[in-house]
Q: 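Before I ask anything, let me first share the structure, which is written out below as structure tokens.
So that the names make sense, note that chain A is the first sequence line, chain B the second, and so on, each numbered from 1.
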Number of protein chains: 4
Amino acid sequence: MSKADKTKGYIIEKTASIFNTKGYAGTSLNDLTEVTGLTKGSIYGNFKNKDDVAVEAFKYNLQLMNQLFTSEKAKEESCRGKLLIYTKILCDSSGSKLPIGGCPILNTAVESDDTHPVLKELAKKALLNWKNDFVGILNAGIQAGEFSSDLNTEQIAITILALIEGAIMINKLTDNNNHIRLIMQSLRDYINQI
Amino acid sequence: MSKADKTKGYIIEKTASIFNTKGYAGTSLNDLTEVTGLTKGSIYGNFKNKDDVAVEAFKYNLQLMNQLFTSEKAKEESCRGKLLIYTKILCDSSGSKLPIGGCPILNTAVESDDTHPVLKELAKKALLNWKNDFVGILNAGIQAGEFSSDLNTEQIAITILALIEGAIMINKLTDNNNHIRLIMQSLRDYINQI
Amino acid sequence: MSKADKTKGYIIEKTASIFNTKGYAGTSLNDLTEVTGLTKGSIYGNFKNKDDVAVEAFKYNLQLMNQLFTSEKAKEESCRGKLLIYTKILCDSSGSKLPIGGCPILNTAVESDDTHPVLKELAKKALLNWKNDFVGILNAGIQAGEFSSDLNTEQIAITILALIEGAIMINKLTDNNNHIRLIMQSLRDYINQI
Amino acid sequence: MSKADKTKGYIIEKTASIFNTKGYAGTSLNDLTEVTGLTKGSIYGNFKNKDDVAVEAFKYNLQLMNQLFTSEKAKEESCRGKLLIYTKILCDSSGSKLPIGGCPILNTAVESDDTHPVLKELAKKALLNWKNDFVGILNAGIQAGEFSSDLNTEQIAITILALIEGAIMINKLTDNNNHIRLIMQSLRDYINQI
DNA sequence: TATGAATGAGTCTTCATTCAT
DNA sequence: CATGAATGAAGACTCATTCAT
């Protein structure tokens with residue numbers, strides 16, 4: 001790894017949480033220099049512009065979140081278990097295991113849908129990938145005989161996703177862990193009844 | 001109504017959709033003058049500052065959304081019918097009947113939770129009011145014998161809310177009406193099975 | 001007195017102390033409306049512009065100060081007594097009997113000498129009048145045999161004035177009454193030795 | 001000396017006289033960019049804000065004045081001579097050797113006493129330092145046998161100061177050198193009679 | 001005469017970006 | 001590759017002034 005790559009990685013790591021907390025418009029280059037301890041020139045030496053950093057930061061946050069889910073899912077053998085993992089992660093820690101600032105897809109979706117097409121596209125792809133991941137698990141479950149074969153996998157997948165994202169939003173807004181726990185209980189019931 | 005009140009109302013009406021689309025940080029005073037055709041001085045003559053406009057714009061958007069729900073609910077007699085209304089509104093028009101920019105609670109929640117305490121508080125209250133509205137409908141349904149008396153009304157209410165907000169977010173992000181329709185189908189099933 | 005004259009007088013009275021405290025550039029029209037309880041339109045109905053108010057306010061402050069000196073001087077019969085009056089006034093109350101904000105001549109001189117020719121001219125005239133008043137007292141004293149006839153009245157008059165203005169400035173700046181008392185003691189000695 | 005330090009110094013040098021003539025409130029950032037030929041961004045890159053420039057400009061003007069006095073005093077051997085220096089400086093050039101705009105202590109005292117606490121404090125300290133300098137000279141003179149030992153050094157020091165500041169104010173206001181000459185003649189007499 | 005809403009040039013300040021070193 | 005000084009457009013906000021009512 002070249003020095004440039006190392007610095008680039010360092011900048012992304014350090015700035016990812018700010019973008020995920022303050023949003024793209026709310027994050028200034030001064031924020032970036034403060035949190036990295038680097039100069040503006042250094043950031044512009046490694047990235048084309050603020051957009052470029054934001055995009056990489058989004059990817060980093062997404063990867064962080066995906067790694068969390070992937071590693072937890074790996075511990076489960078059954079497909080239902082893999083689905084239930086999400087309720088456990090979000091319920092136990094009330095979302096605190098997510099990247100700082102919460103779900104990057106949710107954050108980016110809401111801020112950037114009308115203002116930042118590149119980020120919007122990334123978030124959209126991430127969301128659809130997530131949905132497809134659920135579809136994959138459901139199909140595997142059908143194959144394995146865990147689930148009945150006449151499921152509407154698309155509908156179930158997108159419903160789970162909506163519940164999760166809605167729960168994360170409500171949890172951040174209300175600062176009350178009970179809400180996310182109740183929703184996750186509903187999700188658990190939903191998954192168990194599939 | 002004084003001229004000041006009229007201008008104030010005019011400014012709020014005109015700017016509400018910008019704040020709901022671009023967010024607080026993403027909306028500039030130039031945006032506000034452009035969309036209203038007024039000068040900065042005029043805006044500052046009617047509002048204390050940008051914050052003040054944003055707060056009123058949020059209230060306006062919220063009221064717009066609440067009026068939509070309230071008027072549709074009034075057409076339904078049964079409590080279940082009142083709950084199902086949301087699936088119809090969001091499904092039929094794919095959210096296009098919402099204020100321009102989407103659900104102001106969702107938008108404000110995501111942008112302002114870490115940056116704008118006043119707006120966050122307003123969004124939080126609006127969300128809890130909405131939840132309590134659901135709880136009220138559920139209790140009325142229990143009273144009327146529509147629903148079984150051993151429901152966890154809090155859980156059901158917050159779950160419906162999470163599904164709705166999640167659906168709105170997904171709909172805006174993916175520009176694909178199928179997703180919200182599927183989620184609303186799940187919500188319909190959920191409500192009908194109560 | 002017409003209503004216009006009454007309102008004009010009211011505005012001057014109320015605003016004089018702000019101009020004398022914050023200075024011309026530091027006083028805004030909002031300050032003027034706040035302290036008078038009137039509207040901007042009302043102020044512009046009675047004065048041509050901010051300058052006009054400032055000029056009248058200066059004259060008012062000046063008159064206030066002159067009245068204080070004149071009435072005190074009237075109580076003294078001897079010319080030396082009339083001169084000593086100033087030391088008493090400034091020493092006893094440490095300047096608190098002056099118009100709010102201090103000596104308007106001093107304030108206007110320092111702020112407006114390079115920026116506001118009209119006010120500067122007014123302050124200059126007031127200062128020279130004051131000096132001439134001293135000269136007059138000194139001449140009367142010579143006539144009355146109180147003072148020797150070979151006094152340099154111009155020099156004495158302007159020296160007294162410099163001591164007084166210097167004392168007022170030092171008093172305001174240091175918030176320490178001892179300084180003005182010591183200077184007034186020196187002035188008393190100076191006058192008594194004439 | 002870094003480039004930043006050089007630019008900072010350049011800005012201070014160039015802007016000091018504006019602040020000393022127009023005052024803090026009367027000096028705008030446009031004034032500062034015009035006189036320096038720099039951009040606003042450049043000024044804000046070197047100073048925290050306008051306040052910061054004003055404070056440094058005051059210090060610079062003060063230093064300029066103090067250097068003038070110090071270098072002239074150094075040429076005198078006797079303590080009386082050191083005191084008389086001030087009459088010479090102010091009398092000969094009628095104040096034209098002072099920083100452009102006049103005595104920064106006087107200017108700042110009058111403008112900032114009610115509006116700018118930081119500048120007021122700086123001016124206050126400068127004035128007391130000056131007074132203490134006079135006290136020091138007087139004590140040295142007593143030690144050296146030049147002056148009688150029963151002097152009220154505080155009173156003499158503050159009286160000299162008041163005369164000087166009063167003279168500077170009168171000179172600027174009246175544009176008539178005779179006045180300052182007469183006052184300085186009185187000061188000379190006063191010092192010689194100590 | 002008094003009101004108060006509107007103006008637009010002005011205020012101070014921060015922004016993302018560039019470039020010589 | 002990194003620095004840090006400079007840019008100038010844009011940011012939010014205040015100003016003195018005007019004018020229809």
Side-chain angles (χ1 to χ4, degrees), chain A residues 2-8 25-33 36-54, chain B residues 2-8 10-11 25-33 36-53, chain C residues 2-8 25-33 38-54, chain D residues 2-8 10-11 25-33 36-53:
Chain A
S2 73
K3 188 175 181 195
D5 284 346
K6 251 166 75 180
T7 309
K8 242 182 136 161
T27 300
S28 74
L29 258 129
N30 274 349
D31 291 331
L32 305 188
T33 58
T36 55
L38 300 175
T39 61
K40 286 178 187 177
S42 174
I43 287 172
Y44 272 85
N46 288 281
F47 295 89
K48 228 182 68 199
N49 51 27
K50 184 182 153 187
D51 257 53
D52 200 9
V53 192
Chain B
S2 75
K3 191 174 182 198
D5 285 344
K6 254 165 71 182
T7 310
K8 236 182 141 163
Y10 171 79
I11 293 172
T27 301
S28 76
L29 258 133
N30 276 348
D31 290 332
L32 305 188
T33 58
T36 56
L38 299 174
T39 61
K40 285 178 192 179
S42 176
I43 286 172
Y44 275 88
N46 287 284
F47 294 88
K48 232 181 65 201
N49 49 29
K50 183 182 149 187
D51 255 54
D52 199 9
V53 192
Chain C
S2 72
K3 188 175 180 197
D5 283 348
K6 250 165 75 180
T7 309
K8 246 184 131 158
T27 300
S28 76
L29 259 130
N30 274 350
D31 289 334
L32 305 188
T33 58
L38 299 174
T39 60
K40 286 178 188 177
S42 175
I43 288 172
Y44 272 85
N46 288 281
F47 295 88
K48 227 181 68 199
N49 49 29
K50 184 182 152 186
D51 257 53
D52 200 9
V53 192
Chain D
S2 74
K3 191 176 182 196
D5 285 345
K6 252 163 75 180
T7 309
K8 237 181 140 164
Y10 171 78
I11 292 172
T27 300
S28 76
L29 259 131
N30 276 346
D31 290 332
L32 304 189
T33 57
T36 56
L38 298 174
T39 61
K40 286 177 190 179
S42 175
I43 287 172
Y44 273 86
N46 288 284
F47 294 88
K48 230 180 67 202
N49 48 30
K50 185 182 151 187
D51 255 54
D52 199 11
V53 191

Q: Is there a Watson-Crick or G-U wobble partner for F:dA10 with both distances under 3.5 Å, and which nucleotide is it?
A: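 The answer is E:dT13, by the H-bond criterion.
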Q: Please state how far atom CD1 in B:Ile11 lies from atom C1' in E:dT7, giving the value in whole angstrom units.
A: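 So the two atoms are 13 Å apart, to the nearest Å.
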Q: Just do the side chain to side chain contact (heavy atoms under 4.5 Å, CB included) check on A:Lys40 and A:Asn30 with the steps written out, would you?
A: CA-CA 8 Å; A:Lys40 286 178 187 177; A:Asn30 274 349; 3.2 Å; yes
Q: Between E:dT3, F:dA16, E:dC12, spot the one nearest the side chain of C:Ser28, thanks.
A: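 Output: F:dA16.
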Q: Would you mind telling me which of C:Thr7, C:Thr33, C:Asp52, C:Asn49 makes a side chain to side chain contact (heavy atoms under 4.5 Å, CB included) with C:Ile43?
A: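 Only match with C:Ile43 under side chain to side chain contact (heavy atoms under 4.5 Å, CB included): C:Thr33.
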Q: When you check the phosphate oxygens OP1 and OP2 of E:dG10, does a side-chain N or O of D:Asn30 lie under 4.0 Å from one of them?
A: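 For E:dG10, OP1/OP2 do not have a side-chain N/O of D:Asn30 under 4.0 Å.
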Q: Atom NZ of B:Lys48 to atom C1' of E:dA5: distance rounded to whole Å?
A: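 Rounding to the nearest Å, NZ of B:Lys48 and C1' of E:dA5 are 20 Å apart.
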Q: Output yes when at least one side-chain N/O atom of A:Asn46 is less than 4.0 Å from OP1 or OP2 of F:dA2, else no.
A: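 Yes, A:Asn46 has a side-chain N/O under 4.0 Å of OP1/OP2 on F:dA2.
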Q: Is there a side-chain polar atom (N or O) of C:Thr39 under 4.0 Å from OP1 or OP2 of E:dA2?
A: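 For C:Thr39, the contact criterion (side-chain N or O under 4.0 Å from OP1 or OP2 of E:dA2) is not met.
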Q: To the nearest angstrom, how far is A:Leu29 atom CG from F:dG11 atom P?
A: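 Computing the A:Leu29:CG to F:dG11:P distance gives 16 Å.
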Q: Starting at atom CZ of A:Phe47, determine the distance to atom C1' of F:dA2, rounded to an integer number of angstrom.
A: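 Interatomic distance, CZ of A:Phe47 to C1' of F:dA2: 15 Å.
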Q: Measure CD1/D:Ile43 against P/E:dT14 and give the value in whole Å, please.
A: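 Distance, rounded to whole Å: 14 Å.
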Q: Whole angstrom is fine here: how far is it from NZ in A:Lys8 over to C1' in F:dA2?
A: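 Roughly 16 Å, once rounded to whole Å.
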Q: Could you check whether any side-chain heavy atom of D:Ile11 comes within less than 4.5 Å of a side-chain heavy atom of D:Asn46, counting everything from C-beta outward?
A: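 Contact flag for D:Ile11/D:Asn46 side chains = yes.
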Q: Please figure out whether D:Thr27 or C:Leu38 has its closest DNA chain E nucleotide nearer the 5' end.
A: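 Comparing both residues, the 5'-ward one is C:Leu38.
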Q: Given atom CG of A:Asp31 and atom C1' of E:dA16, what is their separation to the nearest angstrom?
A: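 These atoms are roughly 13 Å apart.
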Q: Just checking D:Gly41: base, sugar-phosphate only, or nothing, at a heavy-atom cut-off of under 4.0 Å?
A: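 Base: the residue D:Gly41, judged by heavy atoms under 4.0 Å, touches a nucleobase.
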Q: Does F:dC1 have OP1 or OP2 under 4.0 Å away from a side-chain N or O of A:Thr7?
A: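 No.
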Q: Assuming nearest nucleotide by heavy-atom distance, tell me which of D:Asn49 and B:Lys40 is located more 5' along DNA chain E.
A: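 Nearest-nucleotide comparison on DNA chain E picks B:Lys40.
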Q: Nearest-Å distance, CG (C:Leu32) to C1' (F:dC15)?
A: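 It is 12 Å, rounded to the nearest whole Å.
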Q: Out of curiosity, D:Thr36 OG1 to D:Asp31 CG, how far, rounded to the nearest 0.5 Å?
A: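 The distance works out to 10.5 Å.
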Q: Any chance you could measure D:Leu38, atom CG, to D:Tyr44, atom OH, to the nearest 0.5 Å?
A: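 That separation rounds to 14.0 Å.
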Q: Any strand counts, and the cut-off is 3.5 Å on both contacts for Watson-Crick or G-U wobble. Which nucleotide pairs with F:dT21?
A: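 Its partner is E:dA2.
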Q: Is the phosphate of E:dT17 approached by A:Tyr44 (side-chain N or O, under 4.0 Å from OP1 or OP2)?
A: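 Yes, within the criterion.
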Q: For DNA chain F, whose closest nucleotide is more 5', that of A:Gly37 or that of B:Asp51?
A: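 Going by which nucleotide is closer to the 5' end, it is A:Gly37.
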